[in-house]
Amino acid sequence: MIWIILGVVALLGVSLLFYMYKQAIQENIIEQTLAFPDFPQSFGEIRIFFISDIHKRKISPEFISKINNIDLVIIGGDLMEKKVPLTQVSENIEQLKKLGIVFFVWGNNDYEVDYHELDSLLLQHGVKILDNTSYLFESEHGDRLELVGVDDLVHERDELKTALEETKSESFKILISHEPEIVDKFTAAEKISLVLSGHTHGGQIRIFGFGPHEKGRLTHLPHTTQLISNGFGTSLVPLRLGAPSETHILTVTTRAEA
C-alpha cells in the first residue's frame, strides 16, 4: 500500500513540475488600451510592444509573427544573464527589430556579464539605450512624446533627475525602469503619465496565490499609471506557478476629459 501512495505522490509531483514548466514557456501577449487625457491628440495612438526579463529564453520567429502594427519596442531590462551567449542575445534582438524601433533599459541581471560587450552589441543593432536619458518624438503639430529610461536600481545606477533634465515640461512622458520601485522616487510634479517595469516575475512561483512579489498588474497610482510585467523568462529555475510568462501590446491614446 505504501508503494502505491508513494507512486501517486511521485506522479502528482512530476505532473506539477510539468505544469509549472509549461507556464514558464508560454508566449502570452496581453493587449491593453491605455487612454490618458493628456496624451497629445496629434499622435492619434501609439502601439508599444513591451517585453521584460527575457533571461535565458529564445524569441522565436513564430512568436514575432503573431504581433502586428507596432510603433515602439521596449525591452524592460534583464535581456540576458550570466552564461547566456551573446549570439543568442543577438538573435533575440534581430527578432524584436522586425517589429519596430527598439529601446532598452538595463536590469540587474544584465550586469552579471561584461556589460561593455552587451552595450556594444546593442549599439551594433541600432538599439536605443535609455541609461538615465530620454528620447523625444515630436508630431507635425509640435506635440511631444518622450521616453525616459533609468539605469538599474539594484546597482544604484539610476539617476531619474538626470534622465529628466532635457525633457519638456509639456511633453507626454513614459518612464521605463526595470525595477518597479522607481515610482517612489518622483511625484506628480514630474508629470510622468506611464511607468513600465518588470523585475519581479510576478513572484514567479506563487503558492496558494502567495509569492515573494505581487503578481504583474496595471495600477493607477495618485501620481502615475504603472504596468508591472510578470516578464517573459525566469530566474534560477525554468518554472512558474500562478504567474505565467507574459509580454504586452499597449495602445496608448487620448481620452476626452469628462
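Computation of the quantities below employed the complete heavy-atom set of this structure, encompassing side-chain atoms and omitting hydrogens, waters and symmetry-equivalent molecules.
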Checking V102 against K128 for the side-chain contact (heavy atoms from CB on, under 4.5 Å) test, could you report, in this order, the C-alpha distance in whole Å, the side-chain angles of both residues, the deciding distance, and whether it holds? CA-CA 6 Å; V102 181; K128 309 298 183 184; over 6 Å; no
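- Partners of H248 under the ring-ring contact (aromatic ring centres under 6.0 Å, His included) rule, at least two apart in sequence or in another chain, do not exist in this structure.
- Put simply, the side chain of L122 reaches to within 4.5 Å of the side chain of L79, judged on heavy atoms.
- Side-chain atoms of I228 and T219, non-hydrogen and from C-beta on, never get closer than 4.5 Å to each other.
- Within the structure, salt bridge (charged side-chain N to carboxylate O under 4.0 Å, His left out) contacts touching residues 89-102 (residues at least two apart or in different chains) are E94-K97.
- In terms of heavy-atom proximity, F39 sits nearest to T254 at O-OG1, 3.2 Å.
- Every residue was checked against the salt bridge (charged side-chain N to carboxylate O under 4.0 Å, His left out) condition with K215, not counting sequence neighbours, and none meets it.
- A pairwise comparison of heavy atoms in A163 and G149 identifies CB-O, 3.8 Å as the closest pair.
- Going from atom OG of S171 over to atom CG of L145 covers 8.0 Å, rounded to the nearest 0.5 Å.
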D78 vs S52, side chain to side chain donor-acceptor pair (under 3.5 Å): CA-CA, chis, key distance, verdict: CA-CA 7 Å; D78 283 3; S52 185; over 6 Å; no
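- Here the straight-line distance linking atom CD1 of I249 with atom CD1 of I51 works out to 11.0 Å at 0.5 Å rounding.
- Nearest heavy atom pair, residue R206 against residue G209, reads NH2-O, 2.8 Å.
- Residues meeting the salt bridge (charged side-chain N to carboxylate O under 4.0 Å, His left out) test with K22, sequence neighbours left out: none.
- I176 and V154 are assigned to two separate hydrophobic clusters, defined by single-linkage of ILVMFWY side chains at heavy-atom distances under 4.5 Å.
- The nearest pair of heavy atoms linking K58 to F232 is O-CE2, 4.2 Å.
- For residues 109-127, no pair satisfies salt bridge (charged side-chain N to carboxylate O under 4.0 Å, His left out), with sequence neighbours left out.
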Taking it one step at a time, do H201 and N230 satisfy side chain to side chain donor-acceptor pair (under 3.5 Å)? CA-CA 4 Å; H201 298 195; N230 285 347; over 6 Å; no
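- Residues forming a side-chain contact (heavy atoms from CB on, under 4.5 Å) with T225 (at least two apart in sequence, or on another chain): F36, L194, L218, H220.
- Under a hydrophobic clustering in which Ile, Leu, Val, Met, Phe, Trp and Tyr are joined whenever their side-chain heavy atoms come within less than 4.5 Å, directly or via other members, L86 and I129 fall into the same cluster.
- When every heavy atom of A243 is checked against every heavy atom of G202, the shortest pair comes out as CB-O, 3.5 Å.
- Formation of a donor-acceptor pair under 3.5 Å by the N132 side chain with backbone atoms of E159 is found in this model.
- No donor-acceptor distance shorter than 3.5 angstrom exists from the side chain of D53 to the backbone of S245, with no hydrogens or angles considered.
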N/O donor to acceptor pairs below 3.5 angstrom from side-chain atoms of residues 60-73, sequence neighbours left out:
unit_1 : atom_1 : unit_2 : atom_2 : d
S60    : OG     : F63    : N      : 3.1
S65    : OG     : E62    : O      : 2.6
D71    : OD2    : R47    : N      : 2.7

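- With sequence neighbours excluded, the residues satisfying ring-ring contact (aromatic ring centres under 6.0 Å, His included) with Y135 are F103, F137.
- The structure places CD1 of I75 at 12.5 Å from NE2 of H178, a figure rounded to the nearest 0.5 Å.
- Atom OG1 of residue T251 and atom CD1 of residue I48 lie 9.0 Å apart, to the nearest 0.5 angstrom.
- Between the T234 side chain and the V237 main chain, a donor and an acceptor come within less than 3.5 Å of each other.
- Listed by first then second residue, pairs satisfying salt bridge (charged side-chain N to carboxylate O under 4.0 Å, His left out) with a partner in residues 183-192 read D158-K185, not counting sequence neighbours.
- By the 6.0 Å contact criterion, CD on E31 is enclosed, its count of non-hydrogen atoms from other residues, nucleotides or ligands being greater than 12.
- Note on residues 144-167: pairs passing ring-ring contact (aromatic ring centres under 6.0 Å, His included), not counting sequence neighbours, are Y111-H155.
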Residues I205, M20; criterion side-chain contact (heavy atoms from CB on, under 4.5 Å); working and verdict: CA-CA 8 Å; I205 297 176; M20 293 170 70; 3.7 Å; yes
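- I30 and F50 fall into different hydrophobic clusters, where Ile, Leu, Val, Met, Phe, Trp and Tyr side chains are chained together by heavy-atom contacts under 4.5 Å.
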Should L118 and V89 be marked as a side-chain contact (heavy atoms from CB on, under 4.5 Å) after you check the CA-CA gap, both sets of side-chain angles, and the distance that decides it? CA-CA 9 Å; L118 177 56; V89 178; 4.1 Å; yes
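- In this pair, W106 and Y115 present their aromatic rings perpendicular. The plane angle is above 60°, beyond the 30 to 60° band.
- By the 6.0 Å contact criterion, CD on Q26 is enclosed, its count of non-hydrogen atoms from other residues, nucleotides or ligands being greater than 12.
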Please evaluate residues S235 and H55 with respect to the criterion side chain to side chain donor-acceptor pair (under 3.5 Å), reporting the C-alpha separation (whole Å), side-chain torsions for both, the decisive distance (0.1 Å), and the verdict. CA-CA 7 Å; S235 60; H55 289 282; 5.3 Å; no
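- Cluster membership for L147 and F49, using ILVMFWY side-chain heavy atoms within less than 4.5 angstrom, is not shared.
- Considering OG of S197 and CG of L227, their distance stands at 8.0 Å, rounded to 0.5 Å.
- Taking Ile, Leu, Val, Met, Phe, Trp and Tyr as members and joining any whose side-chain heavy atoms lie under 4.5 Å apart, directly or through other members, the hydrophobic cluster of V183 also contains V148, V150, L153, L160, L164, L175, I182, F186, I192, V195, L221.
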Could you check S229 against E246 for side-chain contact (heavy atoms from CB on, under 4.5 Å), going step by step and ending with a plain yes or no? CA-CA 7 Å; S229 175; E246 62 185 21; 3.7 Å; yes
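- Listed by first then second residue, pairs satisfying salt bridge (charged side-chain N to carboxylate O under 4.0 Å, His left out) with a partner in residues 135-153 read R144-E170, D151-R157, not counting sequence neighbours.
- Residue V84 comes nearest to M80 through the heavy atom pair O-CE, 3.2 Å, listed as atom of the first residue, atom of the second, then distance.
- Transitive grouping of hydrophobic side chains (ILVMFWY, heavy atoms separated by less than 4.5 Å) keeps Y21 and I54 in distinct clusters.
- The distance from the NZ atom of K56 to the NZ atom of K82 is 8.5 Å, given to the nearest 0.5 Å.
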